[in-house]
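Structure first, commentary second.
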Amino acid sequence: MVAHNLDYSSVPTTAELESNGNKYTVNRRKSNGVTLSKLTLALMALAAALLIALAVGLTILLYPHCTNAAPEALLDTKSKEIAERLPTNLSPTHYRLQLIPFLHEQNFTSSGAVTITFKVNEETDKIVINAYDMQILKDSVKVRELNGTESISVKDQRFNNVSESYTIDLSENLLKDKEYDVEMKFIGQLRDNMQGFYRSQYLDSKTNTIKRMASTQFSPTDARRAFPCFDEPAFKAKFTISIGRPSNMSSLSNMPKRTTDTMIERENWEWDHYAETPTMSTFIVAFIVSDLQAYRYNNPSGTQFTVHTRLRTADQIKLAIELSPKILDYYENYFKIKFPLPKIDLVAVPDFGFNAMENWGLITFRETALLFDENTATVEDKKHIVGVLAHELVHQWFGNLVTPAWWNDLWLKEGFANYLRYLSIHQVQPSWKIGDEFLLDETYQAFKFDYFKSSRPITLNVVNVDNIRQMFDSISYSKGASVIRMVSKIIGEDNFKQGMIRYLNQYQFSNGNHDNLWDSLTAQTENIKLESSLKNIMDTWILQAGFPVVTAVRNSTTGTVHLSQKRFLLSKENASDALWWIPISYASDTNPQLDDTSPKFWLKNEPEASVTINANHWWLLNLQQTGYYIVNYDEHNWRKLVENVMIFPLETRVQLISDSMDLARANLLDYDIPLRMLTNLAIQDKDISFITHQAALNKVSYLYSMLINSPIHKKFQNFIFRIFDNALTNVDFNDQPHDEYLVQRIRKLIVEWACKKSESMCTNNAQKLFRKWIENPVQNKIRPNIQKVVLCTSVREGGELEWELVYKHFMKTDSVFEKNILLEALGCSQKPWILNRYLDLIMQNNTAIRKQDSPQVFKAVANNPVGSSLAFSYIRSNWDQLNQHFGSAFSIISKMVAELPTYMNTEYQLIELKNFKKNNQNHLGTSSQAWDRVIETVQSNVEWMGHSYKSIEKWLSDQAHYYGLQK
């Protein structure tokens, strides 16, 4: 690699930017190819000169113009269906990038220059790169052989909005195996959409002034918004980056800063020059210009950590400082591969679309995913922060060092990050017993997607940007993690670990795919006899959608168990003929080895098989639910499991209540089984264990929602309160900072359920605490873990006054954690007009509700029985405006849509949903999968009302005398 000397002249000059003439190619999303002649431009320039005062003109000359290109959401999404990949005839090896962001009210742009060195794989007369939402100075485009002096003539240049690409036609061919440079100058847009190189702002509480910063979010396909590039993960290269900034601000990039120079052509501006990066993909390139405060510290292996945050939040970095070096050290020892960069910056960005982004050496976070305020953050906030830190640090190996070759294998980084974080969290917080929560947070979250026919395989061919964005879902993250957990149990955890290390070493600084992973793991399994190749087994889990239900019926006389498999679906639609290689582990009362999760036999990609299991009373399959499937037993065994449920470990109780409730919801099991099991768990669990109560109440929530408007809702509510009486009466509001993690988790869970009843003691106590808080919020501060339930209950039971008091506090507080709690509480009102007014705040720019928090507002209303229909009406009335306001990134619209079906269970509601989708089928964009899932959910809810409502009603009536229920 030949280094290029920095040439300040390569950044567009003010004169070049202002006298664009016909020298620029402008990427405007609604242009339809319209171009202006030189004569027209000259006349326009003359007219402008007559209208603009000389002083104003001179001022404007200091900065590049901001384009009026239409927001991305205005594009017709149908045009993207045929989007093209970049050709593979060129491979970039190095970028020399210079950028200057301008953060001024009338000028949110960036000016830049890039020189891309590339190798020619196949002879061609075209250079095709990605570029989007930017202007390119046509006369600046130069192509020459590496180290050459003569430029190759450029015949034509053009944008393609569908493929988000830029093509340069040349007068002669680029020769195979030769290296060339292409250089160009460009103007980018610093929008507020949290994509590409974008602007963020916050209120400085000391000066009461707005402060601005520029940050990046390039994953998955938005580096092309910041600079022209080969913006696909397999096009890895090295980057040498220089960032221009005002002297009173600072900059960051992936590598340490090498030098700083005064910018000769701009007074009080400086250039920061950064060391060359390792070979890496464009989506993990990052740079920031801000006045955030920096706090440095080291980890045991010498990697320098720095946390960057607003001055006001400096006291909230303790958790990140304490844990991030320990987590990195754990991964370095686990992978036997040292983190390859000299430093890691952790940056809390006020406006941020994802929870965090794993940019190599410069990890960016939403503030609530990095900072921890002990005075306003809940125990769940703390868990979330530690989980995000652990997830992003896994990515420094899985995702950055070894990158999926294409977005179809997104799970190779997100699934591994979700799975491996449990190992490091257990290392740094062993008392949390975080592994016990894997089923709740990963497997069952993935099931919620896989319940439906509209689900997708883990590995899925994606052809355009909308497809790619929709891959960032629970299938890639949580199902990916669950399948990884399953394969680790199939081949043994030590073999799995060594196979992972082999994969990382073999493909480091390069790309891998799922076949590469299977090969690396297979190489470590010579000591294991599998029924088929690991690839054949695991491809059945990643290349087809859904998961199986294994039906197991045992002949008590012979001990023979007949096994059959089919895809599990909640609706009555015919399941596909999909088959899986299913690993079967088992235990019984005669062989109670519940911790031996290795497969004892297989359902070999076949519809059915028979095995023998010795048992006198009960037997279990799929121990600890390490296989990604559920089991339906014969009635005799179910009854025995119900009777003996309390003898099993907590994780097995979670599995049994979850499987039985899901089977009953799908009309594959009589509700008598899960309701009796639920009763035994609730009454007999005197220790009030967290994960079993969480699992049970999660499943109860579905029944609660389906029955909320029915005549039997009160009876069902009384039943739940009766069987959970031990927990609901013994857990109180006495939350203390020193309480253990699990104590805090169970308290928060139980009090939120206890206050669902308006006439309960919990509701009465919550209102008392609220009144004291209103009198003196400082002296009578409510502990964060109970603040949501206190405020929500009081807003629910109150009226406009209570809502206004909470909203006033929302506007006043500067704690991002407290703001989140208040946003949820404001959605608890029972007044429709208040909820409609609240929804209207979502798109009002003059509110304190950031774009990233809008789904939370919508969810708060949609999950309120009074607000459910209002939420759907809001979406129907504002669909185009919502898409224009939020765009397609970060699944903001999809998250809103996903909250709609909570209380929907009528044919009329189903028809309304279908009609809306049909009428807007060409404008669904990245929410298309969410709409499919919502419609299927409501379809299954309607079916549930048909096949289960009467049976629940009869069961409650039959059991009335046991639980003191009114007939």
Side-chain angles (χ1 to χ4, degrees), residues 71 73 191-195 198-205 208 210-213 215 217 310 312-313 348-355 365-369 371 373 376-378 381 787-788 791-792 795 800 802-829 831-864 867 870-871 873-875 877-879 881-887 889-900:
R191 303 195 185 279
D192 63 354
N193 59 358
M194 299 177 288
Q195 294 173 260
Y198 71 94
R199 70 182 189 268
S200 176
Q201 68 180 40
Y202 62 92
L203 181 67
D204 186 327
S205 56
N208 201 35
I210 296 293
K211 292 203 170 183
R212 295 189 176 93
M213 61 179 287
S215 185
Q217 174 58 53
R310 311 187 224 176
R312 180 192 59 75
T313 57
V349 182
D351 295 287
F352 199 78
F354 290 124
N355 281 317
F365 297 79
R366 187 179 291 201
E367 289 181 321
T368 52
L371 310 175
D373 183 358
T376 60
T378 69
D381 291 327
Q787 187 177 24
K788 176 190 168 184
L791 300 187
C792 178
V795 168
E800 183 180 9
E802 286 77 7
W803 195 94
E804 291 290 353
L805 288 170
V806 173
Y807 184 70
K808 181 180 178 182
H809 195 72
F810 168 79
M811 296 297 291
K812 183 179 178 181
T813 183
D814 57 1
S815 165
V816 290
F817 299 101
E818 190 169 30
K819 280 185 180 292
N820 280 345
I821 291 171
L822 296 166
L823 285 176
E824 290 188 62
L826 288 167
C828 295
S829 174
K831 309 294 183 184
W833 69 269
I834 290 179
L835 295 176
N836 275 324
R837 186 179 66 178
Y838 189 34
L839 287 170
D840 282 344
L841 296 178
I842 287 177
M843 290 190 290
Q844 290 183 14
N845 292 326
N846 59 345
T847 70
I849 299 172
R850 295 182 181 271
K851 280 187 177 181
Q852 66 199 34
D853 298 323
S854 297
Q856 190 174 350
V857 175
F858 188 87
K859 179 180 180 180
V861 176
N863 285 331
N864 178 341
L870 305 178
S873 295
Y874 179 80
I875 277 194
S877 301
N878 297 280
W879 183 247
Q881 298 95 311
L882 285 165
N883 279 281
Q884 180 176 347
H885 186 71
F886 293 111
F890 315 115
S891 305
I892 289 178
I893 304 294
S894 295
K895 289 174 183 175
M896 292 182 184
V897 171
E899 300 301 330
L900 292 176

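One-based numbering along the sequence shown.
Side-chain N or O atoms of Thr376 include none that pairs as donor or acceptor with a backbone N or O of Phe817 at under 3.5 Å. In terms of modelled atom types and a separation under 3.5 Å, the side chain of Asp381 and the main chain of Thr378 share a donor-acceptor contact. Remark: the backbone N or O of Ser894 is not paired with any side-chain donor or acceptor of Ser891 at under 3.5 angstrom. Listed for the Asn864 side chain is a donor-acceptor partner under 3.5 Å among the backbone atoms of Gly827. A distance-only check finds a donor-acceptor pair linking the side chain of Gln852 to the backbone of Phe352 [under 3.5 Å]. No donor-acceptor distance shorter than 3.5 angstrom exists from the side chain of Trp803 to the backbone of Val795, with no hydrogens or angles considered. No donor-acceptor pair closer than 3.5 Å links the side chain of Glu824 to the backbone N or O of Cys792.
Atom NZ of Lys812 and atom CG of Leu822 lie 12.5 Å apart (nearest 0.5 Å). Distance CD1/Ile892 to CG/Asn883: 11.0 Å, rounded to 0.5 Å. In this structure, NZ in Lys819 is found 9.5 Å from NE2 in His809, a value given to the nearest 0.5 Å. The structure places CZ of Arg850 at 5.5 Å from OG of Ser200, a figure rounded to the nearest 0.5 Å.
Leu791 approaches Ala825 most closely through the heavy-atom pair CB-CB, 3.6 Å. Between Phe354 and Arg366 the shortest heavy-atom distance is O-NE, 3.6 Å. The shortest heavy-atom contact between Pro350 and Ala348 is CD-O, 3.8 Å. Scanning all heavy atoms of the two residues, the minimum distance from Ile821 to Gln787 falls at CD1-OE1, 3.5 Å. The two residues Leu870 and Leu839 have their closest heavy-atom pair at O-CD1, 3.8 Å. Considering every non-hydrogen atom in both Ala369 and Asn355, the closest pair reads CB-O, 3.4 Å.
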task = Go through the steps to decide whether Leu900 and Ile875 satisfy the test side chain to side chain contact (heavy atoms under 4.5 Å, CB included), and finish with yes or no.
result = CA-CA 10 Å; Leu900 292 176; Ile875 277 194; 4.2 Å; yes
Val349 vs Tyr198, side chain to side chain contact (heavy atoms under 4.5 Å, CB included): CA-CA, chis, key distance, verdict = CA-CA 11 Å; Val349 182; Tyr198 71 94; 3.7 Å; yes
task = Given side chain to side chain contact (heavy atoms under 4.5 Å, CB included), test Ile842 with Ile849 step by step and report yes or no.
result = CA-CA 7 Å; Ile842 287 177; Ile849 299 172; 5.9 Å; no
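Between Arg837 and Glu804, at least one side-chain N (NZ, or NE/NH1/NH2) sits under 4.0 Å from a carboxylate O, which counts as a salt bridge.
A donor atom on one side chain and an acceptor atom on the other are not found under 3.5 Å apart for Asp351 and Gln201.
Between Tyr874 and Phe858, the two ring planes are tilted [angle within 30° to 60°].
Contact check for Arg310 versus Lys211: no side-chain heavy atoms found under the 4.5 Å cut-off. Using a 4.5 Å heavy-atom threshold, the side chains of Lys859 and Glu899 count as touching. With contacts defined as side-chain heavy-atom distances shorter than 4.5 Å, the pair Val857/Asp853 does not qualify.
Within 6.0 Å of NZ on Lys831 lie no more than 12 heavy atoms contributed by other residues, nucleotides or ligands.
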